Chemist: 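Below is one structure. I have some questions about it.
Remember, predicted model here, so these are calculated numbers, not experimental data.
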Amino acid sequence: MNTLSFHKFHGAGNDFIMIDHRFFLGDFSTERVATLCHRRYGVGADGLILLEKGTSDYDFSMRYFNADGKEASLCGNGSRCIVAFADFLGIIGLKSTFKTYDGLHAATILEHWESQWLITIQMNDVNLLQPYRDGYFVDTGSPHFVTFFEEINSLDICVLGKKLRYDARFVEGTNVNFVMPYEGGICVRTFERGVEDETLSCGTGVTAAAIVWAQNQHFPNGIYMVPVHTQGGDFTIRFHKNGDHYSDIYLTGPVVHTFSGQFYIHN
């Protein structure tokens with residue numbers, strides 16, 4: 001039996017088990033990851049993230065697993081958390097580049113005090129929004145269906161989210177974002193696939209919601225900053241809109257290091 005160190009971070013309530021995987025090449029099977037993420041039998045988290053070695057082209061790479069143990073696509077909050085983790089490990093400066101599922105991303109640490117950070121990451125361009133009668137489908141590194149309501153606080157997100165998450169329109173399933181206007185921006189609640197529940201926030205989800213909001217409200221071409229409120233915290237999404245093309249997309253929000261520990265590995 002061996003032990004492995006882990007660190008727990010959250011990005012606006014979206015929490016992750018972070019592991020320095022540069023030198024320990026352990027087996028992170030679906031079953032092991034799911035157990036570690038279980039909130040009663042393991043550490044408990046929305047996902048698990050491995051920080052792996054970089055190259056001359058980037059400072060480090062990231063592998064992300066959902067709470068169900070399956071390796072998944074881009075996680076926006078997880079990306080911001082791994083930047084904080086890399087800073088915690090002392091392997092980056094205020095600016096860095098990392099590799100994840102959908103390629104390279106630039107990151108900037110805007111503020112850092114004790115166990116808290118304010119971090120922005122650059123997302124990939126978005127070119128295609130698929131409109132439906134009840135919302136829009138968009139891929140911001142992960143698939144999202146964005147739907148609007150006048151009020152979302154009283155919605156049963158688990159019931160509605162699960163129904164849309166498995167909707168036949170989305171062959172591989174989708175995350176679901178429920179959006180309403182809020183204090184000059186938007187408020188978002190998210191049902192995440194892989195977690196199969198509502199999470200307190202979702203980085204790719206708030207990015208998708210802000211872009212769809214701009215499209216749905218017929219924003220003219222230009223550069224925008226959309227404030228986004230979630231149950232876990234507040235974000236700012238910056239982007240350049242040019243017709244149906246969205247570029248220079250930046251996701252900014254808080255990160256907190258909550259605790260560190262060790263878990264046993266049964267061979």
Side-chain angles (χ1 to χ4, degrees), residues 8-16 18 45-47 49 74-85 87-88 94 105-123 126 136 138 140-142 144 146-155 157 161 175-192 195 197-217 219 222-241 246 248-258:
K8 189 74 179 294
F9 282 73
H10 77 81
N14 197 192
D15 61 336
F16 306 96
M18 315 293 295
D46 291 331
I49 297 174
L74 178 69
C75 177
N77 280 335
S79 295
R80 294 187 309 98
C81 284
I82 202 172
V83 173
F85 184 39
D87 183 48
F88 173 81
L94 295 180
H105 293 266
T108 302
I109 298 172
L110 301 175
E111 298 180 27
H112 177 209
W113 59 102
E114 298 180 346
S115 61
Q116 301 180 61
W117 290 259
L118 182 66
I119 291 175
T120 186
I121 61 169
Q122 185 172 16
M123 310 288 280
V126 172
Y136 289 79
V138 60
T140 52
S142 290
H144 287 271
V146 179
T147 183
F148 297 98
F149 288 81
E150 292 184 3
E151 196 279 324
I152 62 173
N153 294 319
S154 61
L155 295 179
I157 297 298
N175 302 283
V176 186
N177 303 101
F178 300 86
V179 182
M180 72 176 186
Y182 182 84
E183 296 184 357
I186 55 176
C187 179
V188 180
R189 295 177 67 185
T190 300
F191 183 92
E192 282 201 51
V195 179
D197 202 349
E198 181 178 11
T199 54
L200 294 181
S201 69
C202 172
T204 54
V206 296
T207 303
I211 288 172
V212 169
W213 177 252
Q215 191 77 6
N216 191 57
Q217 296 296 306
F219 284 16
I223 297 173
Y224 296 93
M225 295 184 68
V226 178
V228 182
H229 176 72
T230 70
Q231 291 179 310
D234 295 324
F235 297 84
T236 301
I237 315 301
R238 180 186 181 276
F239 54 81
H240 180 205
K241 181 181 185 298
Y246 291 80
D248 299 320
I249 304 169
Y250 292 89
L251 166 67
T252 302
V255 174
V256 177
H257 179 203
T258 53

Chemist: What distance separates F9 CZ from S115 OG, expressed to the nearest 0.5 Å?
Modeler: 9.0 Å

Chemist: Assess whether side-chain contact (heavy atoms from CB on, under 4.5 Å) is satisfied between V212 and V179, documenting all intermediate values.
Modeler: CA-CA 10 Å; V212 169; V179 182; over 6 Å; no

Chemist: Are side-chain heavy atoms of P181 and F148 found at a separation under 4.5 Å?
Modeler: no

Chemist: So with a 6.0 Å cut-off around CD of E151, is the heavy-atom count from everything else above 12?
Modeler: yes

Chemist: Return yes if some donor-acceptor pair links the side-chain N/O of R80 with the main-chain N/O of P254 below 3.5 Å, else return no.
Modeler: yes

Chemist: Parallel, tilted or perpendicular, judged at 30° and 60°: which one describes the rings of H112 and W117?
Modeler: parallel

Chemist: Counting C-beta onward and ignoring hydrogens, is there a side-chain heavy-atom pair between F239 and T207 closer than 4.5 Å?
Modeler: no

Chemist: Quick check for you: to the nearest 0.5 Å, what is the distance between H105 atom NE2 and Y250 atom OH?
Modeler: 12.0 Å

Chemist: Which atom pair, heavy atoms only, marks the closest approach of A107 to V83?
Modeler: CB-CG2, 3.6 Å

Chemist: Within the structure provided, determine whether V138 and Q215 are in side-chain contact (heavy-atom separation under 4.5 Å).
Modeler: no

Chemist: How many angstroms lie between atom CG of L94 and atom CG of D87, to the nearest 0.5 angstrom?
Modeler: 7.5 Å

Chemist: What pair of heavy atoms forms the shortest contact from F235 to A12, and how long is it?
Modeler: CZ-CB, 3.5 Å

Chemist: Is any NZ, NE, NH1 or NH2 atom of the basic residue among R238 and D248 found under 4.0 Å from an Asp or Glu carboxylate oxygen of the other?
Modeler: no

Chemist: What distance do I121 atom CD1 and I249 atom CD1 have between them, rounded to the nearest 0.5 Å?
Modeler: 11.0 Å

Chemist: Side chains of N175 and S142: donor-acceptor distance under 3.5 Å anywhere?
Modeler: no

Chemist: Just so I know, are the side chains of L251 and T120 near enough to count as touching, which here means a heavy-atom distance under 4.5 Å?
Modeler: no

Chemist: Look up atom SG in C81 and atom CG in D15, then write down how far apart they are to the nearest 0.5 Å.
Modeler: 8.5 Å

Chemist: Main chain of F219, side chain of K241: is a donor-acceptor contact present, judged purely on distance under 3.5 Å?
Modeler: yes

Chemist: Checking side chain to side chain donor-acceptor pair (under 3.5 Å) against N177, which of T190, T230, T204 comes through?
Modeler: T190

Chemist: Taking the side chain as every heavy atom from C-beta outward, state whether I237 and M123 have any pair of such atoms under 4.5 Å apart.
Modeler: no

Chemist: Evaluate the side-chain proximity of F16 to N77: yes if any heavy-atom separation is below 4.5 Å, no if none is.
Modeler: yes

Chemist: Would you name the heavy atoms of F178 and L155 that are closest together and state the gap between them?
Modeler: CD2-CD1, 4.0 Å

Chemist: I need the minimum non-hydrogen distance between K8 and A45, along with the two atoms involved.
Modeler: CE-CB, 4.0 Å

Chemist: Checking S201 side chain against G232 main chain: does a donor-acceptor pair fall under 3.5 Å?
Modeler: no

Chemist: Could I get the full list of salt bridge (charged side-chain N to carboxylate O under 4.0 Å, His left out) partners for R189, not counting sequence neighbours?
Modeler: E198

Chemist: If you take all heavy atoms of V228 and A210, which pair is closest and at what distance?
Modeler: CG2-CB, 4.5 Å

Chemist: What are the two closest heavy atoms between I223 and H240, and how far apart are they?
Modeler: CG1-CD2, 4.0 Å

Chemist: Could you tell me which residues satisfy side chain to side chain donor-acceptor pair (under 3.5 Å) with H10, sequence neighbours excluded, listed by chain and number?
Modeler: none

Chemist: Can you tell me how far CD of Q217 sits from CD1 of I186, rounded to the nearest 0.5 angstrom?
Modeler: 10.0 Å

